[in-house]
Amino acid sequence: MAGSRLEKFGTVFTRVRDLLRAGVLKPDEKPIWYDVYAAFPPKKEPLYQKPRRPRVPAADPVPQLFYKEDEIRAKFFEVYGNGPKAFELLMPNFISSCQKFVMKYSELESRGDIKPELLFEETAKALLSEGIYLRKRGGPVVAPESRDPLLSMKLTDMLAEQQKDKETNIPEKQPEAETLNPDSQTS
């Protein structure tokens, strides 16, 4: 009770009534108005209500900003994920693979010799030629140059190739060599 001095939690009458019931206030200490209020209560209970202010939606002062680089980054993260290396936050000069991709993309775009549809893939190829390996999500871990061409062959292709080799390399019948019987030799 002592923590709340405003009439937010019940009326003054209910608070005084509860203090009298609890024995905190003695009957001879009750306020003069208490008996009058108890005999003639108001028709509507005087409860505290917070004044309502009309809610006016405030205009958003900060507009959404989308840069061209954001679209490139979004597509990069969609295709390649976070890239091959983690962000090195302790190095102030660290440039992430995504930022390198954006810089190369804008460089190739400024030249204007590549079609916009092919620009994303050409940027990835350009970075690959510079030694930056980008791995697509769910793609192979190994760099493309170090892949063995036999790994990309299918089992059906390998079996078909073996069948062709057997058909072309059928050994011709060799003349049977005369066998010498040691018993039939004459000296």
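Positions are given from 1 along the sequence.
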*asked:* One thing to verify: whether E109 and K68 come together as a salt bridge, which I'm taking to mean a side-chain N less than 4.0 angstrom from a carboxylate O.
replied: yes

*Drop me the distance from R21's CZ to D18's CG, to the nearest 0.5 angstrom.*
6.0 Å

*Give me the ring orientation class for Y80 and F76: parallel if the planes are under 30° apart, tilted from 30 to 60°, perpendicular past 60°.*
tilted

_Interatomic spacing from NZ in K30 to CG in L25 - rounded to 0.5 Å_ = 11.0 Å

*Decide whether F40 and Y37 are clustered together by the hydrophobic rule: side chain heavy atoms of Ile, Leu, Val, Met, Phe, Trp, Tyr closer than 4.5 Å, transitively.*
no

*Out of curiosity, E29 CD to L19 CG, how far, rounded to the nearest 0.5 Å?*
10.5 Å

*Between K104 and E107, is there a salt bridge with N-O shorter than 4.0 Å?*
yes

*Shortest non-hydrogen contact from P41 to A38?*
CD-O, 3.8 Å

*asked:* Counting the benzene-type ring for Trp, do F77 and F101 have ring centres under 6.0 Å apart?
replied: no

*Between OG1 on residue T11 and CZ on residue R17, distance to nearest 0.5 Å*: 7.5 Å

_Candidate pair L128 and L134, rule side chain to side chain contact (heavy atoms under 4.5 Å, CB included), full reasoning_ = CA-CA 7 Å; L128 183 64; L134 299 175; over 6 Å; no

*When hydrophobic residues are tied together by side-chain contacts of less than 4.5 Å, even through go-betweens, does V36 share a cluster with Y34?*
no

*Would R73 and Q99 satisfy side chain to side chain contact (heavy atoms under 4.5 Å, CB included), going step by step from the backbone distance to the final call?*
CA-CA 8 Å; R73 283 188 185 94; Q99 185 60 33; 2.7 Å; yes

*Above 12 or not: heavy atoms from other molecules or residues under 6.0 Å from CD1 of I32?*
no

*Roughly how far apart are E122 CD and R111 CZ, rounded to 0.5 Å?*
10.5 Å

*Say whether, by atom type as modelled, one donor and one acceptor occur between the side chain of D70 and the main chain of Y67 under 3.5 angstrom.*
yes

*Is the closest basic N to carboxylate O distance between K164 and E161 below 4.0 Å?*
no

*How many angstroms lie between OG1 in T123 and NZ in K100, if you round to the nearest 0.5 Å?*
15.0 Å

*How far apart are the closest heavy atoms of A126 and L108, and which atoms are they?*
CB-CD1, 4.3 Å

*Could you give me the CA-CA distance, side-chain angles and deciding distance for W33 and V16, then say whether side chain to side chain contact (heavy atoms under 4.5 Å, CB included) is met?*
CA-CA 11 Å; W33 54 264; V16 171; 4.1 Å; yes

